[in-house]
Structure formats: structure tokens, C-alpha cells
Enquirer: 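Please read through the structure below; I'll follow up with questions.
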Amino acid sequence: MGKNKKTVIILLIATALIIFVPLFALKGAEFGGSDDAGSVAAKEITGKYEPWFTPVLEQALNGELPSEIESLLFCIQTGIGTSIIAFCMGRLVERKHQESLKNHNKE
């Protein structure tokens, strides 16, 4: 087995452990959003908490966004960010590949 293949297998196992160990180690834990945790912590420290503003979409809808819509928007944002990063990495790899071809052709 080659060195690269061993490295890939080790990284896949590490990734699986990072994903699944918390699920079993933290049974019954609640995973809330950071917005909720921040407001609760501020209320505990100061005794009162008043938000500075209301989110734009909540004002437009006259209420909170459904959790499904929040998840959808978060997934779209994640997909766009991942696409941008993958595109940039692909361009860098291709640029390196093209430079190596130019150097090879000069010889």
C-alpha cells in the first residue's frame, strides 16, 4: 500500500471519528444556536437583555422564520461558500499544472 493511500485512509478514519464520536458521547445534549446562547448568557450576567434590532426577514414576515427556511438559507450560504473555495483551489491547482507543463515543454 502506498504512502498516499495510507494517509487518505487515516484521514478518512479521523474524519469519521470526529463526526460520530460526539453523537455517542453527548447523548441527550441540546445543540442550540449561538444567538440563543448569547442572549441567555447576557441575561444571566446583566439581569436584563434587550436585542438591538430585529432581523430584516423577521420584520418583513411579522414573525420568526420557520426553522426549515433558516436551515435552507444556511445550506445555500454553505454551498455558495464551498463552491467559491473549491473553484479557487481548482484554479490554483490548474495554474500549477500549466506552469509545470510550460517548464517541461521548454526543456
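Not measured: the values here are computed from a predicted model.
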Enquirer: Treat each ILVMFWY residue as a node, draw an edge where side-chain heavy atoms are under 4.5 Å apart, and state whether I69 and L61 are in one component.
Expert: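 Yes; L61 is reachable from I69 via cluster members.
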Enquirer: Tell me whether V21 shares a hydrophobic cluster with L12, the cluster being built from Ile, Leu, Val, Met, Phe, Trp, Tyr side chains joined at under 4.5 Å.
Expert: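 No, V21 and L12 fall in different hydrophobic clusters.
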Enquirer: Restricting to non-hydrogen atoms, name the atom on G79 and the atom on S83 that form the minimum distance, rounded to 0.1 Å.
Expert: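 Nearest heavy atoms, G79 then S83: O-OG, 2.7 Å.
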Enquirer: Which one of I10, T15, L17 satisfies the side-chain contact (heavy atoms from CB on, under 4.5 Å) criterion with I13?
Expert: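 The side-chain contact (heavy atoms from CB on, under 4.5 Å) with I13 is passed solely by L17 among I10, T15, L17.
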Enquirer: For residues L72 and I80: do they belong to one hydrophobic cluster (side chain heavy atoms under 4.5 Å, members Ile, Leu, Val, Met, Phe, Trp, Tyr)?
Expert: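 Hydrophobic grouping puts L72 with I80.
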Enquirer: Just to verify, what does E50 make a side-chain hydrogen bond (donor to acceptor under 3.5 Å, both in side chains) with, not counting sequence neighbours?
Expert: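 Here no residue qualifies.
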Enquirer: Identify whether L11 and I19 are in the same connected component of the hydrophobic contact network (ILVMFWY, side-chain heavy atoms under 4.5 Å).
Expert: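 Shared cluster, no.
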Enquirer: Report the residues that fulfil side-chain hydrogen bond (donor to acceptor under 3.5 Å, both in side chains) with Q98, sequence neighbours left out, ordered by chain and then residue number.
Expert: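 Q98 satisfies side-chain hydrogen bond (donor to acceptor under 3.5 Å, both in side chains) with E94 once adjacent residues are dropped.
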Enquirer: Would you call H97 and L101 a side-chain contact if the rule is heavy atoms closer than 4.5 Å?
Expert: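 Of all side-chain heavy-atom pairs linking L101 with H97, at least one is under 4.5 Å.
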